[in-house]
Structures are given as C-alpha cells and as structure tokens.
There are 2 protein chains.
Amino acid sequence: MTTRTASERRAEAAQRYDAYLAACPTRQLLDRISDKWVTLVLSALAGGPQRYSDLSRRIAGVSQKMLTQTLRSLERDGLVSRAVTPSVPVRVDYALTPLGSTLMPLLAHIKEWAEHHMDEVAAARTGYDGASGSAAP
Amino acid sequence: MTTRTASERRAEAAQRYDAYLAACPTRQLLDRISDKWVTLVLSALAGGPQRYSDLSRRIAGVSQKMLTQTLRSLERDGLVSRAVTPSVPVRVDYALTPLGSTLMPLLAHIKEWAEHHMDEVAAARTGYDGASGSAAP
DNA sequence: CAGAATCCAAGGGGATACTG
DNA sequence: CAGTATCCCCTTGGATTCTG
C-alpha cells in the first residue's frame, strides 16, 4: 500500500479544492467585489466618468498603488474603461462599462440586505460577546 | 500656519476613511461573505445541519483552524447556530439560523450573475492580456 | 470528536521616491 | 497629471501539537 500520511492526503485534497475554487465563477466574482477598494471605485464611477485624480480625492484613503492596481484589474476584467487624452499634462478618464453597470444592481441588493439586517448581526454579536467573555475590551 | 506635510494629511484622511468604511454595513457584509471559507460553509449548511467532522470532510481543503474560526465568526454574527450534544465523544451540530437563511438568496443572485457574465469577464481578460503583453504564460 | 494554542512562511498593502 | 518601482511591515492562514 502507498505509505501516505494524513497530512499528505490533506495537502492533496487542498490542492484539488483550490483548483475547484479557482474554477468556480461565484468564487471569482466574490474575490473580485470583496476587494476593499473595488466596490468603492465602482460606486464612485456609478455617478459618471471620473479622472484618476478625481478618484484619488473621492476615495481619499487609497494609495496610488492600490488605486492603480484596482483600476487595472477592473479594466482587465472589462468592468471599467480607460480613456487616455494625450494633452500636455496627460488626462485619463475612467468609466463603468455596460458590463460593469450590470454589476451595480447586485451591489445594491447587498447594500439593502446589509442595511436591513446588519443591526440583527450587531445584536447577535453583542449577545455573543457578552455571554462568554463578560468584559470585552 | 500649521506645518503639515502632505503625507500627514493623507494619513489623517486614511484614518477617517477607515472609520467610515468600518461603519458601513455594506462593507461589513462584503467583508463577511467575501471570506474564502464563509460562503463554502454557508453553502454546505444550506442543505441542512452538519456536524463539525462532516463539514471538515465536505469542504476538504480547509484546516481546522480556519473551519473553527469561520464557524465562530458566523455564530457570533448570528448566521449559524451551534448545538453541543454532551455524549461520550462530544458531538456538535451546526445549522443555518433564519437570519443566515435570508442571506442565501443574495448568494444565489451573485452566483447567477457570475454564471451569466463570467465568460465575458474571461474574454475581456484574454483580450487585455493579449493586447499588451503579447505572450502570456 | 471537537477544538485551543503555538509557530512560522507568504503575500497584501502602505509609504516613499522617481519618470514621461 | 498619471502613473511605475522599491522597500518593508504586518496580517493571514497553513502545519503541528496538545486537551476535554
């Protein structure tokens, strides 16, 4: 028999599962919209096209690295478009693509659920914390 | 005048924005369901109550640490319930709470969008990669 | 069986400086 | 203005070991 430890089998299963997860479109979408900045950028663009500096100001807490990285990945996925105007100081405008626009209703639903139920979650959280830990810092 | 560097102002803005983000229910919900294992556990429980070991087997690639951690946070948020049966080997059953059940339709919508549009995303991705990088490994 | 505790490696993400 | 490149910290998460 193949002398195979439990951890080896575990590792193998993990790999197969990772592949399965990577292939799952739901997982991919979740990974995309769950990014800290993605939804903020998308929301910012929902009001209309924005320049890079506008986005930078509107989202405030974001670093150039993250903003650029987020915009690149969104552009790559066809959710936002990037238009360069080669004026003297370069000008770049970002906008939602039609595909990106179809994603917004989903975010709206999530927003609704959150607004309707997040207080229940908060209550459950408080109850849970108070039940065992007594004193929560 | 207050001698304040740009980075100081940036840092301040970032802090304020972090607070804003932390307070936003949408952000909280996204942070929750975007977790790699949360949706898997939730989906596994959608078919009915499951024991700890059952979940461990069904989700396969998960480590005890992550499974336990995920279940704890979900229990804390009132999305899953935990029932301990003090038999000789302890038995613990997890199940979706009513609140947790109301979350499933959202995941279904996400799943639908993903299944309908993920090929467009994939196409956009391929086009983007082929346009600039020429050779993609 | 169900879980807590510890150790440790990899990667995400911020700050900074430089470029076209 | 709109990025790119670099350094570096600190969190995330897997493997392992020990308990009730």
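Chain naming here is simple, since letters A, B, ... match the order of the sequence lines and numbering starts at 1 in each.
- C:dG20 atom P lies 18 Å from atom CD of A:Gln64, rounded to whole Å.
- Remark on DNA chain D: of its neighbouring residues A:Tyr52 and B:Val90, the 5'-side contact belongs to A:Tyr52, judged by nearest-heavy-atom nucleotide.
- Spacing between atom CZ of A:Arg57 and atom C1' of D:dC1 amounts to 10 Å, rounded to whole angstrom units.
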Next on the checklist: Show, in sequence, the C-alpha distance, side-chain angles and deciding distance for A:Leu103 and A:Leu29, and conclude whether the side chain to side chain contact (heavy atoms under 4.5 Å, CB included) test is met.
Outcome noted: CA-CA 10 Å; A:Leu103 189 56; A:Leu29 177 61; 4.1 Å; yes
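- Counting heavy atoms from C-beta outward, A:Val41 and A:Val62 have side chains that stay 4.5 Å or more apart.
- If you check residues 69-83 of chain B against DNA chain C, the residues with a heavy atom closer than 4.0 Å are B:Arg72, B:Arg82, listed by number.
- For the pair B:Ser53 (side chain) and B:Arg51 (backbone), a donor-acceptor distance under 3.5 Å is absent.
- Map A:Arg91 and A:Lys65 each onto its nearest nucleotide of DNA chain D; the residue landing nearer the 5' end is A:Arg91.
- Put simply, CE on A:Met66 is 12 Å from P on D:dT4, counting in whole angstrom units.
- Applying the side-chain hydrogen bond (donor to acceptor under 3.5 Å, both in side chains) test to pairs two or more places apart or on separate chains, those with a residue in residues 36-48 of chain A are A:Lys36-B:Asp18, A:Thr39-B:Arg27.
- When rounded to the nearest whole Å, the span between CD1 of B:Ile59 and P of D:dG13 equals 14 Å.
- Between the side chain of B:Thr68 and the backbone N or O of B:Lys65 there is no donor-acceptor pair closer than 3.5 Å.
- A:Leu67 places its CG atom 10 Å from the C1' atom of D:dG3, with the value rounded to the nearest Å.
- Of all non-hydrogen atoms in B:Arg82 and B:Tyr94, the two that sit nearest each other are NE-OH, 3.3 Å.
- Taking 4.0 angstrom as the limit, A:Ser53 places a side-chain polar atom (N or O) nearer than this to OP1 or OP2 of D:dA2.
- Computed from coordinates, the B:Lys36 NZ to C:dG11 C1' distance equals 13 Å when rounded to whole Å.
- Taking atom CG of residue B:Asp54 and atom C1' of nucleotide C:dC1, one finds them 11 Å apart after rounding to whole Å.
- Nearest heavy atoms, A:Thr102 versus A:Leu106: O-CD1, 4.4 Å.
- The side chain of B:Tyr94 sits closest to C:dG3 out of C:dG14, D:dC1, C:dG3.
- To the nearest angstrom, C1' of D:dT12 lies 15 Å from CG of A:Asp35.
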